[in-house]
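Report on the following structure.
Residue numbers start from 1 in every chain, and the chains themselves are labelled A, B, ... in the order their sequence lines are given, proteins ahead of strands.
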Number of protein chains: 2
Amino acid sequence: MADKREEILLVAERLFGDNGFDGTSVRDIAQHANVNLAMISYYFGSKEKLLEALLEQRANYTILEALNKDESLTPWEKIDRVIDFYVDKIMSNLCLHNIMQQGNNSRSDEIKELVTKIKLRNFEQIKKILLDGQKKKFFRKVDIELTVGTVMGTISQTTIARHFYNSIFNIEKNNDEAYRKKITPRLKSHLKQLLRAHLDIKNEE
Amino acid sequence: MADKREEILLVAERLFGDNGFDGTSVRDIAQHANVNLAMISYYFGSKEKLLEALLEQRANYTILEALNKDESLTPWEKIDRVIDFYVDKIMSNLCLHNIMQQGNNSRSDEIKELVTKIKLRNFEQIKKILLDGQKKKFFRKVDIELTVGTVMGTISQTTIARHFYNSIFNIEKNNDEAYRKKITPRLKSHLKQLLRAHLDIKNEE
DNA sequence: GCCAAAATTAAACAAACGTTTGAATTAAAC
DNA sequence: GTTTAATTCAAACGTTTGTTTAATTTTGGC
């Protein structure tokens, strides 16, 4: 059955996201997926290959390439859409996002490079929007690389430091749905307000 | 000798930061610290207690409480100083910062709460500056919690996604010094420019 | 219904893990 | 110099780790 393979991926995503790669044993995964231990090696070859397969399969979920194709949108509209898209995707894939964050610290260079490659694709898209907005004199001169880092970093912060925000916002921990509901709209409007001021050519010094 | 204890902490900081808590064995630590394996249990009780000791010992390094005491500074000056202080501290403690990021995902609630507590202290300081600036009509109305998140997140991003920025900025990996030199001034001026626009009361809608 | 391929299983593997033990060594106190 | 406590050590402890094996069951084509 092919749905066992799928089940393994699904469970691995949750456990890797919650406990980290090293903090999750293949026995944990097998048990939660109701699958024999050996099936993981059988389908994926190894634990690390399982992580690679997971990242490769899910990578496309968080890619926003289509957006830049739409010529009718102004740079400001594109920025708003990027924020909506990006926040939604990450908020509905908290575990996967956690895995990608951890992937940066992986001891495996293959994983590190895979994660970097995925991030790079999104980075290039946002960068293109910023450059275009500058050319059209909507946006002022800013540090483009770090501006993208601010967007990614602000969003990441709400997942990395989730325990921290739970504490601030009085959200019971492990309640994914409550967290999403509370954070998503705030995050979107904060980022839009932030970038509107930061990028506006009227604020050029 | 008490310097063995210190050596263990020093090595643990580097290894936990590089490979994660689960990715570092007590044997790794003992070997790199030139210390017998049993000394770690002897001094700290357990591997987890070692991490707790590490966080507690280093926590004060990244606390910026003194700043708010200075009444002669305007809110704008305080913002600039916070940025300088925070960026410098994190950039010169990359490993420790990595550990704290990972700590958010620790399976130990004690660790999670310890990290949250440390972050909360800094959070409160920055929050105080923002509130004060709003009261004095320097700053406009913004989402304070997420504005702090933006500052922390932007800085964190440069350490979490370091492999990513290495790739963008063409820095050879594992060269901490080159990374610091390249990123620090850019990060400071980007954050100052960002917050100047974001907080300025002239941008009030 | 037979057969080869694919899927599934329990069991075993060696290696690595965190921790403990009890003896040996060093340091400090008197 | 003797005694007591603190330190250091090699060795072993029992688990848990990721992976493999070889036997068994299920599946799909003919």
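Across all strands shown, B:S41 has heavy atoms under 4.0 Å from base atoms, whether or not it also approaches the sugar-phosphate. Counting non-hydrogen atoms under 4.0 angstrom, A:L37 reaches a base of the nucleic acid.
Distance NZ (A:K47) to P (C:dA15): 19 Å, rounded to an integer number of Å. Atom CD1 in A:I40 sits roughly 13 Å away from atom C1' in D:dT17 (whole-Å rounding). Distance A:E7 CD to C:dT8 C1': 16 Å, rounded to the nearest Å. Atom CD in A:E48 sits about 14 Å away from atom C1' in D:dT19, given to the nearest Å. Distance CD (B:Q31) to P (D:dT8): 18 Å, rounded to an integer number of Å. A straight line from OH of B:Y43 to C1' of D:dC9 spans 13 Å, rounded to a whole angstrom. Distance B:I29 CD1 to C:dA16 P: 17 Å, rounded to the nearest Å. Between the OH atom of B:Y42 and the P atom of C:dT26 there is a distance of 15 Å, given to the nearest Å.
In a base pair of the Watson-Crick type (N1 to N3 plus N6-O4 or O6-N4) or a G-U wobble (N1-O2 and O6-N3), with each distance short of 3.5 Å, C:dA29 is matched with D:dT2.
Place A:N36 and A:R27 on DNA chain C by their nearest nucleotides, and A:N36 ends up nearer the 5' end. Mapping A:D28 and B:N34 onto DNA chain D by nearest heavy atom places B:N34 closer to the 5' end of the strand.
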Checklist entry - Stepwise, does the side chain to side chain donor-acceptor pair (under 3.5 Å) test hold for A:T150 with A:H198? => result CA-CA 11 Å; A:T150 292; A:H198 176 55; over 6 Å; no
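Note on ring orientation: taking the six-membered ring where Trp is involved, the planes of B:F16 and B:F21 are tilted (angle from 30° to 60°).
Ion pairing between a basic and an acidic side chain is recognised when a charged N comes within 4.0 Å of a carboxylate O; B:D132 and B:K128 show no such pairing. B:D143 and A:R186 are joined by a salt bridge, as a carboxylate oxygen and a charged side-chain nitrogen come within less than 4.0 angstrom of each other.
Looking at A:Q101 and A:S156, their side chains do bring a donor and an acceptor atom within 3.5 Å of each other.
Between B:K4 and D:dC9, a side-chain N or O to OP1/OP2 separation shorter than 4.0 Å is present. Distances shown here put a side-chain N or O of B:S25 below 4.0 Å from the OP1 or OP2 atom of C:dC17.
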